[in-house]
Protein chains: 2
Amino acid sequence: MTIYDISKKAGVSIATVSRVLNGSDKVRPSTKKKVMDIIEKYDYTPNAFARGMGLHSLQTIGILCADSSDLFLAKAVYYLEQELQANGYESLLCCTGYNLELKQNYLNLILSKKVDGIILVGSNFIGTTEDENQYIKDVSTQVPIMLLNASFDYPNVYSTLCDDYTTMFEATESMLDSGIADPVYIYNSISYSGRKKLNGFKDALKKHGISDIENRIHKYDGDSQQFNEIADFMDQVAKEAPPFHGVIAADDVLAVGVVKYAQRNHISVPDDLSIIGYNNSMLTTCCIPELTSVDNRLETQTHQLVQTLVGVLSGEEMPKKSIFSGKLIKRGTTLF
Amino acid sequence: MTIYDISKKAGVSIATVSRVLNGSDKVRPSTKKKVMDIIEKYDYTPNAFARGMGLHSLQTIGILCADSSDLFLAKAVYYLEQELQANGYESLLCCTGYNLELKQNYLNLILSKKVDGIILVGSNFIGTTEDENQYIKDVSTQVPIMLLNASFDYPNVYSTLCDDYTTMFEATESMLDSGIADPVYIYNSISYSGRKKLNGFKDALKKHGISDIENRIHKYDGDSQQFNEIADFMDQVAKEAPPFHGVIAADDVLAVGVVKYAQRNHISVPDDLSIIGYNNSMLTTCCIPELTSVDNRLETQTHQLVQTLVGVLSGEEMPKKSIFSGKLIKRGTTLF
DNA sequence: ATGAAAGCGCTAACAA
DNA sequence: TTGTTAGCGCTTTCAT
């Protein structure tokens with residue numbers, strides 16, 4: 001069933017059918033109805049390829065993320081897909097893994113499908129050197145690139161993110177102000193936002209005149225889905241590092257691992273150990289006490305990102321960077 | 001940059017360029033090289049639409065799932081995307097939500113993008129009546145439909161699933177055999193696999209001569225990401241239902257909620273209460289004691305599904321139904 | 001308001 | 001081995 005078949009059956013030209021299909025207002029209501037009836041009767045759907053050839057668009061957005069099974073990324077992908085759907089776009093999902101080398105390939109691949117735009121989900125797409133980010137510059141000449149939870153200044157690249165630095169700085173201060181002068185920081189990612197958070201922690205300690213900062217920072221390199229191993233890691237930290245009565249984790253997963261460490265070692269939370277997580281995920285309520293965590297406004301971010309993208313695609317001038325503030329959600333693992 | 005530009009610059013016809021592009025062996029190596037050089041020099045990528053029009057395929061598979069932020073579904077989507085990628089296919093993701101009415105629309109939408117096949121992730125796409133499943137029949141005439149964790153007999157519909165009935169039957173028997181004669185069952189979904197699991201539980205109880213079965217089954221209708229509310233729900237169950245010393249949950253999320261309920265009420269797990277979860281997700285290690293859970297071989301399933309799909313698309317005869325057995329992974333919430 | 005016709009960029013017979 | 005050419009199904013001027 002093609003546009004020709006429909007036009008024949010309706011007794012009009014293919015141009016008229018095309019107009020009806022594309023909602024042109026230059027069609028007499030009566031002929032419009034006539035055509036619509038035939039279309040519905042035969043359940044006709046236009047061929048997307050042929051259409052795309054004319055339109056140069058399939059109303060599709062490419063979404064790249066490292067790992068859609070990561071709690072945070074999965075939620076982000078979910079929100080994005082919903083928002084895009086609501087705006088008439090579909091989502092081409094591509095999970096790249098954490099291997100930077102392959103990202104270029106994936107980007108080109110997805111680009112060859114003629115997507116209207118590309119969303120890079122998560123800050124691990126941004127490297128520290130100009131060279132590492134060359135692939136983004138290349139692609140940005142062809143379609144707009146949207147960064148979620150990361151930032152990169154370049155034409156046709158738009159960023160939506162949480163001010164992780166300030167948010168983490170303030171979260172750390174909350175803990176310091178509550179009288180805990182010896183917090184440690186644990187993290188597992190040195191992505192763009194990972195670095196911001198780490199700096200927020202460091203600077204808060206500096207401001208409060210705490211020395212020995214580097215010894216208070218610990219990187220977990222194990223499997224991020226294994227709470228046991230995180231707890232084991234904390235055992236190690238407790239053994240080697242200076243004593244601590246507070247832990248700030250770069251991710252809820254790590255924080256839950258810390259809760260587990262405390263339970264295993266009969267350390268009372270929050271009395272003897274305060275814990276702050278990050279992302280305010282579903283994990284915050286899985287433990288007792290429940291996890292105090294930083295909400296980075298993911299839903300707000302994804303909404304803003306898609307609005308920006310839609311604006312850009314329709315030729316409007318849109319903000320290059322949208323920054324939101326995170327918010328500490330107080331629950332049971334902290335005294336303050 | 002089109003195939004014409006390339007052909008001109010290379011001094012050959014577009015047909016030759018097309019042959020090079022499609023890896024035809026009927027091209028002299030020297031001309032092949034000549035063309036390739038030009039292609040690389042100008043970084044030319046063929047237009048996917050035009051190509052799709054000729055090829056009638058864009059090597060893309062549509063993936064439909066209710067909610068890609070659900071722990072289980074997210075993992076499934078992740079594995080599927082990886083497998084498809086490895087086989088040269090891309091994934092068009094579409095999250096339909098749990099509203100059955102919209103599924104038909106989504107299916108048609110995704111079909112209009114000329115996907116080569118469609119994967120329905122999760123058993124909530126299959127209804128109980130013929131009528132509910134009509135939309136699948138309709139679409140199956142156009143492209144193969146792959147069901148993950150569900151089953152439906154129809155031409156061009158292929159199923160890959162875990163034998164949830166037997167698996168749950170056996171898990172329940174394990175608990176009964178350990179001396180717990182009064183288990184309760186909690187669930188939150190009445191999907192295809194949800195019903196299978198429930199029946200497995202029921203029949204195990206029947207076999208062991210346990211009466212009062214219906215009072216041992218409880219449906220949780222709240223938010224599946226809120227462990228608190230699940231624990232609240234369990235408080236209610238404990239109040240209203242006959243006493244129990246074992247809980248079998250249809251999902252790890254629910255089971256973790258039960259662990260939480262036990263902790264809050266100072267019920268010793270597993271001594272006074274045994275708990276079994278389902279899916280063997282990352283949540284199994286988030287609590288103390290760790291969760292005994294059923295592994296339903298998701299990765300194996302997704303692998304098999306994609307292999308079947310690839311086979312079907314290349315015209316091979318493939319099994320209509322691939323069934324795997326789940327396996328109880330024993331951890332700390334059970335004595336056996 | 002409607003139709004005729006020229007592409008869009010590619011694939012795949014068919015010729016040479 | 002290579003080139004010529006006719007589609008593929010649609011959008012979009014340009015006429016009418």
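Per chain, numbering begins at 1; letters A, B, ... match sequence-line order. In what follows, every heavy atom counts, from backbone to side chain, and hydrogens, waters and symmetry copies are set aside.
Distance, A/R51 CZ to D/dT11 P: 5 Å, rounded to whole Å. Rounded to whole Å, atom C1' of C/dC10 lies 16 Å from atom CD of B/Q59. Rounded to whole angstrom, the span from the CD1 atom of B/I14 across to the P atom of C/dA12 amounts to 12 Å. Remark: P of D/dT2 and NZ of B/K34 are 8 Å apart, rounded to the nearest angstrom. When the P atom of C/dC8 is taken as reference, atom CE of B/M1 falls 15 Å away, rounded to whole Å. Atom-to-atom, CG of A/N22 to C1' of D/dC10 comes out at 9 Å; the value is rounded to the nearest Å. Here D/dC14 presents its P atom at 13 Å from CZ of A/R19, a figure rounded to the nearest Å. Note: CD1 (A/I3) to P (C/dG3) measures 12 Å, nearest angstrom.
Not a single donor-acceptor pair under 3.5 Å links the side chain of A/N22 to the backbone N or O of A/S24. The closest donor-acceptor contact from the side chain of A/K320 to the backbone of A/Y154 lies under 3.5 Å.
For the 3.5 Å distance criterion, the side chains of B/Q304 and B/T308 qualify, holding a donor opposite an acceptor.
Checking C/dT2, D/dC10, C/dC10 against every side-chain atom of A/T31, the shortest atom distance belongs to C/dT2. Relative to the side chain of B/Y44, the nucleotides C/dA4, D/dT1, C/dC10 differ in distance, and C/dC10 lies closest. For A/T2, the side-chain atoms get nearest to D/dG9 when compared with the rest of D/dG9, C/dG3, C/dG9. Checking D/dG3, C/dG3, D/dT2 against the side-chain heavy atoms of A/T16 singles out C/dG3 as nearest.
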Quick one: do B/K41 and B/D37 satisfy salt bridge (charged side-chain N to carboxylate O under 4.0 Å, His left out)? Show the steps, please.
CA-CA 6 Å; B/K41 178 175 174 192; B/D37 286 348; over 6 Å; no
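For the pair A/L298 and A/F72, the minimum side-chain heavy-atom distance is below 4.5 Å.
Within the nucleic acid shown, B/L21 has no heavy atom closer than 4.0 Å to any nucleic acid atom. Within 4.0 Å of A/S18, counting heavy atoms only, lies at least one base atom of the nucleic acid. Within 4.0 Å (heavy atoms only), A/V17 reaches no atom of the nucleic acid at all.
With hydrogens and angles ignored, a donor-acceptor pair closer than 3.5 Å exists between the side chain of B/Y4 and the base of C/dC10.
Smallest separation of non-hydrogen atoms from A/C162 and A/N149: N-OD1, 4.1 Å.
If you take CG on B/N87 and CD on B/Q59, they are separated by 10.0 Å, rounding to the nearest 0.5 Å.
Five base pairs at each end of the helix from C/dA1-D/dT16 to C/dA16-D/dT1 define two local axes, and these are offset by 30° (rounded to 10°).
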